[in-house]
Amino acid sequence: ENQTPQFRDTPFALGFIAQLLLVGFLAIFWGFGSLRQQETSSDTQETETLSLWGFFILLILVSSASIGIAAAALDFMTNHAEQLIQASLVVSCVTLGAVVVLLF
C-alpha cells in the first residue's frame with residue numbers, strides 16, 4: 001500500500017529555528033557588546049585585535065568540528081538505526097524497572 005509522505009516534524013523544525021534565532025540574538029546583543037566594553041587605549045588596541053582574531057579562528061575551528069561531528073553522528077545513526085532503537089528500548093525498560101524497584 002502506498003502512503004502519501006507526511007511531515008510530522010514541523011513543530012521540532014520550528015523549535016529548532018526559534019532556538020537558532022534566540023542564540024543569534026543573544027550572541028549579537030550580548031556577545032559583541034561585551035567585546036566592545038574593553039578599554040581602548042594605545043596599549044590594549046593590539047590586544048583587542050589579537051583577541052578578536054583568536055575569537056574568529058576559534059569560531060571557524062569549532063564550526064568545522066561541529067559539522068564533522070554532526071555528519072559522523074548522522075552517518076552512524078543511519079547505518080545502525082535498528083540497533084539504536086533496540087538499545088534505547090532495552091535502556092528504557094531497565095530504567096523503568098529500576099525506578100519501580102526503588103520507589104516501591
Side-chain angles (χ1 to χ4, degrees):
E1 110 189 29
N2 289 335
Q3 296 180 354
T4 60
Q6 297 177 353
F7 300 103
R8 291 179 245 154
D9 297 336
T10 305
F12 296 106
L14 292 175
F16 178 71
I17 291 172
Q19 177 193 8
L20 285 178
L21 292 174
L22 177 67
V23 168
F25 173 80
L26 292 176
I28 289 171
F29 288 103
W30 284 358
F32 290 131
S34 66
L35 289 175
R36 285 193 209 118
Q37 289 178 0
Q38 297 176 355
E39 294 180 19
T40 56
S41 66
S42 61
D43 295 338
T44 60
Q45 187 68 27
E46 183 178 330
T47 307
E48 282 184 24
T49 306
L50 184 61
S51 171
L52 286 177
W53 178 249
F55 173 74
F56 287 120
I57 293 294
L58 179 65
L59 179 71
I60 290 170
L61 290 175
V62 169
S63 298
S64 301
S66 67
I67 290 171
I69 291 170
L74 183 61
D75 184 53
F76 178 79
M77 288 186 286
T78 302
N79 292 332
H80 303 288
E82 187 175 338
Q83 292 89 352
L84 288 171
I85 292 170
Q86 290 173 352
S88 68
L89 287 173
V90 168
V91 169
S92 177
C93 291
V94 169
T95 304
L96 180 62
V99 168
V100 167
V101 167
L102 289 174
L103 292 179
F104 299 108

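Numbers here are sequence positions counted from 1. Any value given below was found using the heavy atoms of this structure, including those in side chains, with hydrogens, waters and symmetry copies removed.
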Donor-acceptor pairs under 3.5 Å, side chain of residues 60-76 to any protein atom, not counting sequence neighbours: which ones?
from, atom 1, to, atom 2, distance (Å)
Ser63, OG, Leu59, O, 2.8
Ser64, OG, Ile60, O, 2.9
Ser66, OG, Val62, O, 3.3
Ser66, OG, Ser63, O, 2.9
Asp75, OD1, Asn79, ND2, 3.3

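No option in Val94, Thr95, Leu89 other than Thr95 meets the side chain to side chain contact (heavy atoms under 4.5 Å, CB included) test with Val91.
Atoms CZ and CG, from Phe16 and Leu21 in turn, are 10.0 Å apart once rounded to the nearest 0.5 Å.
In the hydrophobic clustering of ILVMFWY residues, with side-chain heavy atoms under 4.5 Å counting as a link, Val101 and Leu103 come out apart. Residues Phe25 and Ile28 fall within the same hydrophobic cluster, defined by Ile, Leu, Val, Met, Phe, Trp and Tyr side chains chained together at heavy-atom separations under 4.5 Å.
Taking a 6.0 Å sphere around CD of Glu82, one finds it holds 12 or fewer heavy atoms contributed by other residues, nucleotides or ligands.
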